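In what follows, a single structure is set out as structure tokens and then discussed.
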Amino acid sequence: MHRRTLNATQVAEFEGVLLARRADVAAQRARLDGSLADVRESRSDGMADDEHDPEGPTMSSEWSRLAGTQLAVDDELVQLDAALERLAAGSYGTCVRCGESIPIDRLRARPEAALCIACAQAVGG
């Protein structure tokens with residue numbers, strides 16, 4: 001098993017990246033909450049005949065799109081929180097499946113990565 005320990009500079013780099021990304025995703029989640037509230041209000045208005053509006057998507061399709069995006073954002077928040085927990089525990093950068101080191105380039109591309117490339121391919125992620 002090949003396991004590398006991140007140095008202090010790398011830990012600080014990834015902590016900064018993860019915290020910034022988490023703040024961005026949390027802000028995106030808040031915006032989605034607002035957009036869903038707007039759609040919910042429009043749908044309950046009773047005045048919106050969205051199924052016959054030729055100018056754009058229906059309220060139902062917009063609701064579905066926003067709800068799907070919200071699920072993806074929630075999943076990303078969970079992944080970022082888990083990465084921050086691994087960082088605090090000293091296991092960040094180690095594959096949670098096989099225990100091998102995750103290449104630095106992969107962490108820089110996907111800082112929330114919990115799996116090395118081989119394990120990610122093996123599980124289809």
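Since the model is a prediction, treat every value here as computed from it, not as a measurement. Just so you know, these numbers use all the heavy atoms, side chains as well, and skip hydrogens, waters and symmetry mates.
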Grab the two heavy atoms, one from Val17 and one from Pro111, that are nearest each other, plus how far apart they are. CG1-CG, 3.6 Å

Report the distance from atom CG of Asp24 to atom CG of Leu19, rounding to the nearest 0.5 Å. 11.0 Å

Nearest heavy-atom pair of Pro103 and Ile117: which atoms, and what distance? CG-CD1, 4.5 Å

Provide the full list of ring-ring contact (aromatic ring centres under 6.0 Å, His included) pairs with a residue in residues 67-90, sequence neighbours left out, each pair given once. none

Do Val96 and Leu115 make a side-chain contact, defined as non-hydrogen atoms from C-beta onward lying under 4.5 Å apart? yes

Minimal heavy-atom distance between Ala83 and Leu18, with the atoms involved, is CB-CD2, 3.8 Å

Value for CZ (Phe14) from CG (Leu87), rounded to nearest 0.5 Å, stands at 9.0 Å

Name all residues meeting the salt bridge (Lys or Arg N to Asp or Glu O under 4.0 Å) criterion together with Arg29; count only those two or more places apart in sequence or in a different chain, and write none if there are none. Asp33, Asp74

Which pair of heavy atoms, one from Cys119 and one from Arg97, lies closest together, and at what distance? SG-NH1, 3.5 Å

Side-chain (Gln121) to main-chain (Ala118) donor-acceptor, under 3.5 angstrom: no

Going by salt bridge (charged side-chain N to carboxylate O under 4.0 Å, His left out), Arg21 matches just one of Glu112, Glu76, Glu15. Which one? Glu76

Are Val73 and Leu71 connected in a single hydrophobic cluster, I mean Ile/Leu/Val/Met/Phe/Trp/Tyr linked by side-chain heavy atoms less than 4.5 Å apart? no

Name all residues meeting the salt bridge (Lys or Arg N to Asp or Glu O under 4.0 Å) criterion together with Arg108; count only those two or more places apart in sequence or in a different chain, and write none if there are none. Glu13

Val11 and Tyr92, any side-chain heavy atoms less than 4.5 Å apart: no

Nearest 0.5 Å please: distance from the CZ atom of Arg86 over to the OG1 atom of Thr94. 9.5 Å

Could you report the tightest heavy-atom contact between Cys116 and Arg106, atom names first, then the distance? C-NE, 4.0 Å

Gap between atom CD of Gln70 and atom OG of Ser35 - 0.5 Å precision: 10.0 Å

